[in-house]
Amino acid sequence: MPDDPSDSDAEARIVEGRLKLRQRFLDKMNKSASLADPKPLGTGAPNRHGMPLIPVGQTETKKWPVLDLGRHPQVPEAQWKLVVDGAVENPLTLSWADFLALPQVEDTSDFHCVTTWSKLDIPWKGVQLSTVIALARPAAGATHLMTHGYDGYTTNLALEEALKDDVLLAHTVYGERLPVEHGGPVRVVTPQLYAWKGAKWIHRLEVLTRNQLGYWELRGYSNTAHPWRNDRYS
Ligand SMILES: Nc1nc2c(c(=O)[nH]1)N[C@H]1C(S)=C(S)[C@@H](COP(=O)(O)O)O[C@H]1N2
Ligand SMILES: [Mo]
């Protein structure tokens, strides 16, 4: 459990834990495709990370389509739980109140769906995924993360992707609570990867010591999912 949020020492420890964990993966992170690709494919002015604004094969949309397996679990905030387990020293389960007591961030980012639409400048609010992973203290051999939704959906992430600053556990969008169809109460967003890497209705973060495939990855979608390499299928 996180400490009392009114305790600023506790908050400082949480922030420090996040930075330390990020440091462990910084080298891999800086070499990852969305930060280090020498020839990113796409069009338009550089985005926040120096990549072309619209990745290759994508078209900007103003609408926000809903894409999922068709089950929209209704999880009231009072019953919502976030489990962090697997290769960690401190497995934990956060309640809604625990989650809201963690340091909150706002971040505006782009959303690239593999079905070729991109929605730009979505204003999210939530908790950095790295904050929650750091609380659980990944074991020395931890390399990947399996994210599980309440609908049974899974998707895998390398930790150097999962720990990026703009990867959020988002509970608010456009100033309102995240609607159920877009994954409320809480979803993952992965702005530097195709959007299927962000599990809606997030329920469990399972830290792994090797890569495992999630729902779409088992069905032929790419493990790495880098939009500026047209990295859609494996
Ligand atoms: N839990 C869960 N998360 C999911 C999915 C899903 O079926 N279940 N679909 C993924 C896919 S394929 C995409 S493109 C995005 C779509 O997010 P949106 O419906 O908010 O546009 O959610 C991703 N996260
Ligand atoms: Mo998708």
Side-chain angles (χ1 to χ4, degrees), residues 34 54-77 79-85 94 96 99 107-127 129 132 144-158 161-162 164 166-206 212-234:
S34 63
I54 307 292
V56 57
Q58 297 292 113
T59 307
E60 187 183 352
T61 174
K62 296 288 177 192
K63 286 178 280 185
W64 191 359
V66 171
L67 273 155
D68 50 51
L69 304 176
R71 297 184 287 271
H72 289 182
Q74 310 273 331
V75 188
E77 289 163 3
Q79 272 147 47
W80 180 84
K81 293 270 187 282
L82 181 60
V83 175
V84 191
D85 64 359
L94 301 179
W96 181 250
F99 178 67
D107 191 58
T108 295
S109 61
D110 303 336
F111 193 92
H112 305 294
C113 177
V114 73
T115 62
T116 76
W117 54 269
S118 288
K119 188 168 176 61
L120 304 180
D121 302 323
I122 304 186
W124 301 101
K125 192 170 173 197
V127 173
L129 183 64
V132 173
H144 290 80
L145 187 65
M146 186 67 80
T147 60
H148 301 254
Y150 271 99
D151 60 342
Y153 183 80
T154 55
T155 186
N156 56 305
L157 290 166
E161 293 293 343
K164 285 181 175 172
D166 57 1
V167 176
L168 303 187
L169 292 159
H171 56 65
T172 295
V173 70
Y174 297 109
E176 311 269 353
R177 282 283 189 250
L178 187 62
V180 170
E181 67 271 22
H182 287 300
V186 184
R187 78 173 298 162
V188 178
V189 287
T190 57
Q192 301 179 52
L193 300 175
Y194 285 119
W196 89 78
K197 290 290 185 181
K200 306 202 280 192
W201 312 293
I202 189 69
H203 178 44
R204 178 178 174 211
L205 305 170
E206 181 188 9
Q212 281 177 27
L213 302 183
Y215 182 90
W216 284 118
E217 292 81 8
L218 282 167
R219 288 161 180 79
Y221 277 49
S222 163
N223 241 310
T224 41
H226 181 49
W228 294 270
R229 279 187 187 161
N230 217 13
D231 177 20
R232 298 168 198 265
Y233 309 103
S234 59

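Numbers here simply count residues along the sequence, with the first being 1. Counting starts at 1 for both ligands and their atoms, in listed order.
Applying the salt bridge (Lys or Arg N to Asp or Glu O under 4.0 Å) test to Glu181 and every residue at least two apart in sequence or in another chain returns nothing. For Arg232, there are no salt bridge (Lys or Arg N to Asp or Glu O under 4.0 Å) partners two or more places apart in sequence or in a different chain. Judged as a salt bridge (Lys or Arg N to Asp or Glu O under 4.0 Å), and not counting sequence neighbours, the contacts of Lys62 are Glu60.
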> Passes salt bridge (Lys or Arg N to Asp or Glu O under 4.0 Å), Glu77 versus Arg177? Steps please.
Replying inline: CA-CA 11 Å; Glu77 289 163 3; Arg177 282 283 189 250; 3.5 Å; yes
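Listed by chain and number, residues touching ligand 1 at under 4.0 Å (heavy atoms only) are Trp64, Pro65, Val66, Leu67, Asp68, Leu69, Phe111, Cys113, Trp117, Asp151, Tyr153, His182, Arg187, Ala195, Trp196, Gly198, Ala199, Lys200, Trp201, Trp216.
Residues Trp201 and His203 keep their aromatic ring centres 6.0 Å or farther apart.
Both tests hold for Arg219 against Tyr215: distance to the six-membered ring centre under 6.0 Å, angle to the ring axis within 45°.
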